[in-house]
Amino acid sequence: SAATTAIRLNAEYLDTVLEALAHADAMVNMTYGNSGEAFRCMSDELQDEFLWALANRIDAARKAADRLSPYITQGAAA
């Protein structure tokens with residue numbers, strides 16, 4: 001049914017958001033404090049690639065949240 005499909009999609013989108021945010025959190029924790037020293041010792045190219053990957057994870061979370069948002073709005077209106 002349509003309701004079952006919506007619930008499944010909501011769960012998938014939420015899983016994507018949570019997974020991408022967990023990855024981003026782990027990655028950003030490598031860029032400051034004691035871990036940040038190792039990050040800053042990497043070549044400029046590696047730092048750029050690392051930060052590009054971090055931005056990619058944040059973008060994935062944002063896109064999944066955007067897909068989830070209409071379902072949240074519909075649920076709040078019901």
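Worth knowing before you read on, the calculation uses all heavy atoms, side chains too, and leaves out hydrogens, waters and symmetry mates. What you see is a predicted model; the values in this text were computed from it and never measured.
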Side chain to side chain donor-acceptor pair (under 3.5 Å) pairs, two or more places apart, involving residues 31-53: Asn29-Tyr32
task: Salt-bridge test for Asp59 and Arg62: reply yes if a basic N is under 4.0 Å from a carboxylate O, no otherwise.
output: yes
message: Could you measure the distance from the CG atom of Leu21 to the CZ atom of Arg57? Nearest 0.5 Å is fine.
response: 9.0 Å
query: For Leu51, which fellow cluster members are found when Ile, Leu, Val, Met, Phe, Trp and Tyr are connected by side-chain heavy-atom distances below 4.5 angstrom, either directly or through intermediates?
result: Met27, Val28, Met30, Phe39, Met42, Leu46, Phe50, Leu54, Ile58
- prompt: Could you give all pairs that pass the salt bridge (charged side-chain N to carboxylate O under 4.0 Å, His left out) test and reach residues 10-24, with sequence neighbours left out?
  reply: Arg8-Glu12
- line: Between Thr16 and Ala64 the two heavy atoms that sit nearest each other are CG2-CB, 3.6 Å
task: Determine, step by step, whether Asn10 and Leu14 satisfy the side chain to side chain contact (heavy atoms under 4.5 Å, CB included) criterion, reporting the C-alpha distance in whole Å, the side-chain angles of both residues, the deciding distance to 0.1 Å, and the verdict.
output: CA-CA 6 Å; Asn10 282 339; Leu14 182 58; over 6 Å; no
